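Here's the structure we're looking at; comments come further down.
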Amino acid sequence: MTKTPWLLLLSLLFFLVSAAATQIKVTNNPADQLVAALNNNRTAQKLKSLYDNPGLACIALQYIKAYQGDCGAVGGPNGKKPAESEFAQTFAPDCGVLVSTLSPITGRVLGCQSHYVGPSEAFSDVLMKNNKSLEIISNKTHTEVGAGVSSTDGVAPYFWCLLFSNGNTNSSFAVEGGVAKVTRPGCFSGANDDCSGAYDWSQTCRIWPFVATALLVVGHAFGF
């Protein structure tokens with residue numbers, strides 16, 4: 001019988017902490033927020049919003065991972081980019097995207113820096129650094145976009161990627177079973193996936209006030 005209060009306490013604590021975690025994560029996908037910032041920018045220019053394609057977005061995350069955390073390979077005189085063949089041979093299979101549904105990539109914008117910033121700031125300050133990026137973002141031929149955001153094992157550097165396509169939004173970048181494969185670390189847009197895998201670890205500290213409150217509540221309830 002002495003175990004009963006402890007079982008109730010642990011069950012209630014688990015419920016409270018899970019509820020707190022769910023509340024924290026509900027809007028916690030920086031890739032979705034990055035696409036929102038992009039579309040806000042486009043509509044402000046009287047351009048159409050782009051469809052957020054989860055298959056393309058997952059590929060954007062794989063595109064980031066091809067850099068293996070090397071921020072120096074992004075842009076500049078030493079800039080590199082993955083081979084075109086990797087889209088069909090590596091990125092699509094890793095996401096469960098059917099290769100037969102791949103459409104042309106009409107633009108790509110990639111940024112990297114040593115500290116984490118919010119999605120809106122990343123869009124304006126990291127991805128829109130030059131005229132070429134502005135031209136890509138404002139291109140009228142795009143029909144869809146996918147965003148990926150990731151760090152290296154949860155720490156700096158932080159990568160932000162937007163891939164654009166002019167594919168048919170009803171059929172391009174289709175994924176097996178209708179759901180793109182989720183991989184961590186990192187987040188991709190359009191997947192209805194609450195994600196904090198790209199955030200710095202300070203974000204997780206927000207849950208501890210909820211944990212402490214839950215402990216006080218259950219402790220008081222059982223006279224501990």
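The figures here come from the full heavy-atom set of this structure, side chains too, leaving out hydrogens, waters and symmetry mates. Note that this is a predicted model, so its numbers are computed, not measured.
- A pairwise comparison of heavy atoms in Ile64 and Phe159 identifies CG2-CB, 3.4 Å as the closest pair.
- Between the side chain of Asn39 and the backbone N or O of Ser49 there is no donor-acceptor pair closer than 3.5 Å.
- Residues Ser189 and Asp32 bring no donor and acceptor atom of their side chains to less than 3.5 Å of each other.
- At distances below 3.5 Å, not a single donor-acceptor pair connects side-chain atoms of Ser114 with backbone N or O atoms of Ala156.
- Atom CG of Asn192 has 12 or fewer neighbouring heavy atoms from other residues, nucleotides or ligands inside a 6.0 Å radius.
- Between Ser133 and Asn130, the shortest heavy-atom contact is N-OD1, 2.8 Å.
- Listed by first and then second residue, the ring pair (Phe, Tyr, Trp, His ring centres under 6.0 Å) pairs that reach into residues 132-151 are His142-Phe164, sequence neighbours excluded.
- Considering only residues two or more places apart in sequence or on other chains, Glu135 meets the salt bridge (charged side-chain N to carboxylate O under 4.0 Å, His left out) condition with none of them.
- Identified under the disulfide bond (SG atoms under 2.5 Å apart) test for residues 29-65, with sequence neighbours left out: Cys58-Cys95.
- A side-chain donor-acceptor contact under 3.5 Å links Arg42 to the backbone of Lys48.
- Remark: Phe91 engages Phe87 in a ring pair (Phe, Tyr, Trp, His ring centres under 6.0 Å) (not counting sequence neighbours).
- Using modelled atom types, one finds no donor on one side chain facing an acceptor on the other under 3.5 Å when comparing Ser120 with Gln33.
- For the residue pair Thr90 / Gln62, no side-chain donor-acceptor distance below 3.5 Å is found, with atom types taken as modelled.
- Put simply, the residue from Asn168, Leu50, Leu56 that forms a side chain to side chain contact (heavy atoms under 4.5 Å, CB included) with Glu144 is Leu56.
- Residues forming a side chain to side chain donor-acceptor pair (under 3.5 Å) with Asn139 (at least two apart in sequence, or on another chain): Thr141.
- Under the 4.5 Å side-chain criterion, counting only non-hydrogen atoms from C-beta, Pro104 is in contact with Asn166.
- Applying the salt bridge (Lys or Arg N to Asp or Glu O under 4.0 Å) rule to pairs touching residues 72-87 yields Glu84-Arg108, sequence neighbours excluded.
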